[in-house]
Amino acid sequence: LFRSDKQYFERVDGGVKGLVATIAATDLVKLVAEAADPTRINEDAFNDNVRIYKKENRINQRIVETALSEQNYEFWYLNNGINIVCEECIYQPNSRSPRVSLADFQVVNGGQTTHALFEAFQQNPTKLDSVLLLIRICETKRNNPIADKISETTNSQTPVTTRDLHANDRIQRKLEEEFRSLGYFYERKANQFPDAARNKRLNNELLAQLYLAFFLDMPSEAKNTKSLVFGDKYDAIFDDGIITAQRMLTPLRFYGPLQDMKKAIQRKKRRKEPIDEREAFVSRATFHILNAIRRISEKENLPLEIELNASVLMEKAISLISKVVEAAQTERGELYTHDKFFKETQTNRLIHEAIEAAYPAATAKLSEN
């Protein structure tokens with residue numbers, strides 16, 4: 001039972017009746033609360049919903065934050081709303097703010113929003129008084145197959161990736177302009193500049209992976225969990241106070257030659273030519289080599305921007321990592337594979353420790369400073 005705002009629209013088509021309205025978030029919370037304990041949500045109301053609520057999900061947390069913010073009046077404009085199917089929807093038509101009663105209802109789409117608003121209500125019920133949202137209710141007679149169709153179709157739109165969700169962020173637009181001034185096309189969405197020269201098109205997902213590995217010391221994660229770049233690590237990577245187009249280009253300068261090395265190794269494999277064991281791991285260790293390059297440049301005080309330092313740093317990084325690989329191969333024997341080793345997060349630590357051991361004087365000096 002809830003009260004519909006004066007802004008509502010109704011329609012009837014044979015055995016189906018629909019109501020679209022603006023409602024108060026507090027009314028939605030009361031609708032899905034357990035009768036015996038209003039502090040608990042009635043999960044039975046989501047049995048026909050295909051998604052399970054994920055409290056720690058970044059998007060769901062943003063829904064909570066928006067609902068509790070000083071700008072929560074914007075919620076109606078920012079949220080897609082809720083879809084409910086029910087056996088019966090009773091209200092007085094053609095009246096101002098009618099009270100609506102639902103029988104045997106299911107939230108078939110908008111379960112994440114509903115749970116997030118319920119969570120926000122538990123944190124600050126007063127704050128939710130200002131939150132309004134759209135709701136669409138479809139009354140269907142018992143056993144009408146359209147109820148299942150509604151659940152299916154409202155949850156089967158083309159999925160939007162987290163990269164897409166951030167495509168229009170202010171920092172993404174800012175970086176696009178910065179890269180354009182440097183002669184590059186920064187693609188903040190997939191295939192944004194299909195007509196641009198291939199060597200001038202820069203995929204922001206790849207650039208973010210390189211940044212995560214190079215500057216944030218997470219090469220294994222960059223290699224194996226790239227979803228982090230537009231997920232949990234997005235704010236750390238795209239920190240408006242630090243990140244610039246020039247800074248993002250730094251690891252890219254080293255990535256190109258490493259890719260050339262990788263392709264050369266792959267050509268040898270296709271031709272069944274012998275491959276030096278020291279080279280074999282390079283194609284799997286790109287992100288770790290990048291991170292090692294930055295760490296070694298700091299230890300040896302070799303500026304990254306000086307072209308002559310690039311090949312020297314790359315050679316030193318590969319040489320040092322090859323020793324870590326040899327140690328792992330000796331320890332694991334036949335169980336060792338390059339692919340598995342460079343996906344493991346503990347490999348970050350092993351390489352880091354090897355660099356610290358190789359430059360004890362530099363480490364001590366950095367500690368003093």
**Fill in**
Connected to Leu308, directly or through other members, by ILVMFWY side-chain contacts below 4.5 Å are Ile306
**Prompt:** Heavy-atom count around Phe230 CZ within 6.0 Å, excluding the residue itself: above 12?
**Reply:** yes
**Asked** Are Leu31 and Val107 close enough that some pair of their side-chain heavy atoms sits under 4.5 Å apart?
**Response** no
Throw together a table of side-chain donor-acceptor distances under 3.5 angstrom for residues 233-241, partners on residues two or more places apart or in other chains.
residue, atom, partner, partner atom, Å
Tyr234, OH, Asp169, OD2, 2.7
Tyr234, OH, Gln172, NE2, 3.2
Asp235, OD1, Arg58, NH2, 3.2
Asp235, OD2, Arg58, NH2, 3.3
Asp239, OD1, Gly241, N, 3.0
Asp240, OD1, Lys174, NZ, 3.0
Asp240, OD2, Arg170, NH2, 2.1

**Asked** With no hydrogens and no angle check, is any side-chain donor or acceptor of Glu187 less than 3.5 Å from a backbone partner on Phe193?
**Response** yes
**Message:** A side-chain contact here means heavy atoms from C-beta on lying under 4.5 Å apart; do Asn79 and Leu134 qualify?
**Reply:** no
**Request:** Please check if the side chain of Glu178 supplies one atom and the backbone of Ala245 the other of a donor-acceptor pair under 3.5 Å.
**Result:** yes
**Message:** I'd like to know if the side chain of Glu139 and the backbone of Cys89 have a donor-acceptor N/O pair within less than 3.5 Å.
**Reply:** yes
**Asked** Which heavy-atom pair separates Leu320 from Ile351 by the least distance, and what is that distance?
**Response** CD2-O, 4.3 Å
**Item:** Pro303 backbone acceptor or donor facing Asn309 side chain under 3.5 Å
**Value:** yes
**Prompt:** Within the side chain of Glu87, is there an N or O that forms a donor-acceptor pair under 3.5 Å with the backbone of Ala103?
**Reply:** no
**Request:** Taking all non-hydrogen atoms of both residues into account, name the closest pair between Asn348 and Ser220 and its distance.
**Result:** OD1-OG, 2.8 Å
**Prompt:** Does Ser319 reach the main-chain N or O of Glu315 with its side chain, forming a donor-acceptor pair under 3.5 Å?
**Reply:** no
**Fill in**
Taken in chain and number order and not counting sequence neighbours, the residues that satisfy side chain to side chain donor-acceptor pair (under 3.5 Å) with Asp37 are Thr39
**Prompt:** If every non-hydrogen atom of Arg201 is compared with every non-hydrogen atom of Ala196, which pair is closest and at what distance?
**Reply:** CD-O, 3.5 Å
**Prompt:** How would you list all residue pairs meeting salt bridge (charged side-chain N to carboxylate O under 4.0 Å, His left out) that involve residues 105-130, not counting sequence neighbours?
**Reply:** Glu70-Lys127
**Request:** Take Glu356 and Lys299 through the test salt bridge (charged side-chain N to carboxylate O under 4.0 Å, His left out) and record every step on the way to the result.
**Result:** CA-CA 9 Å; Glu356 295 300 301; Lys299 298 294 186 184; 3.0 Å; yes
**Prompt:** Is there a donor-acceptor pair closer than 3.5 Å between any side-chain N or O of Gln122 and the backbone N or O of Leu117?
**Reply:** no
**Prompt:** Do side-chain atoms of Asn42 reach the backbone of Glu34 as a donor and acceptor pair under 3.5 angstrom?
**Reply:** no
**Request:** Apply side chain to side chain donor-acceptor pair (under 3.5 Å) to Arg188 and list each qualifying residue two or more places apart in sequence or on a separate chain.
**Result:** Asn168, Glu176
**Message:** A quick test of your reading: do over 12 heavy atoms of other residues, nucleotides or ligands sit less than 6.0 Å from NZ of Lys226?
**Reply:** no
**Salt-bridge present (Glu307, Arg253; N to O < 4.0 Å)** = yes
**Pairwise side-chain contact, Ile265 with Lys268, heavy-atom cut-off 4.5 Å (strictly under)** = no
**Prompt:** Shortest non-hydrogen contact from Ala213 to Asn291?
**Reply:** O-ND2, 2.9 Å
**Prompt:** Quick one: ring pair (Phe, Tyr, Trp, His ring centres under 6.0 Å) partners of Phe214, sequence neighbours excluded?
**Reply:** none
**Complete:** Hits for side chain to side chain donor-acceptor pair (under 3.5 Å) against Lys316, two or more places apart or cross-chain, chain-then-number order -> Glu300
**Message:** Using a 4.5 Å cut-off between side-chain heavy atoms of Ile, Leu, Val, Met, Phe, Trp and Tyr, which other residues end up in the same hydrophobic cluster as Ile90?
**Reply:** none
**Request:** Kindly state each residue pair satisfying salt bridge (charged side-chain N to carboxylate O under 4.0 Å, His left out) with at least one member in residues 206-223, sequence neighbours excluded.
**Result:** Asp217-Arg294, Asp217-Arg295
**Request:** Go through the structure and list residues passing side chain to side chain donor-acceptor pair (under 3.5 Å) with Lys200, not counting sequence neighbours.
**Result:** none
**Message:** Give me each pair satisfying salt bridge (charged side-chain N to carboxylate O under 4.0 Å, His left out) with a member in residues 317-338, each pair once, sequence neighbours excluded.
**Reply:** Arg332-Glu344
**Message:** Which residues end up grouped with Leu335 if you chain together Ile, Leu, Val, Met, Phe, Trp and Tyr wherever their side-chain heavy atoms are less than 4.5 Å apart?
**Reply:** none
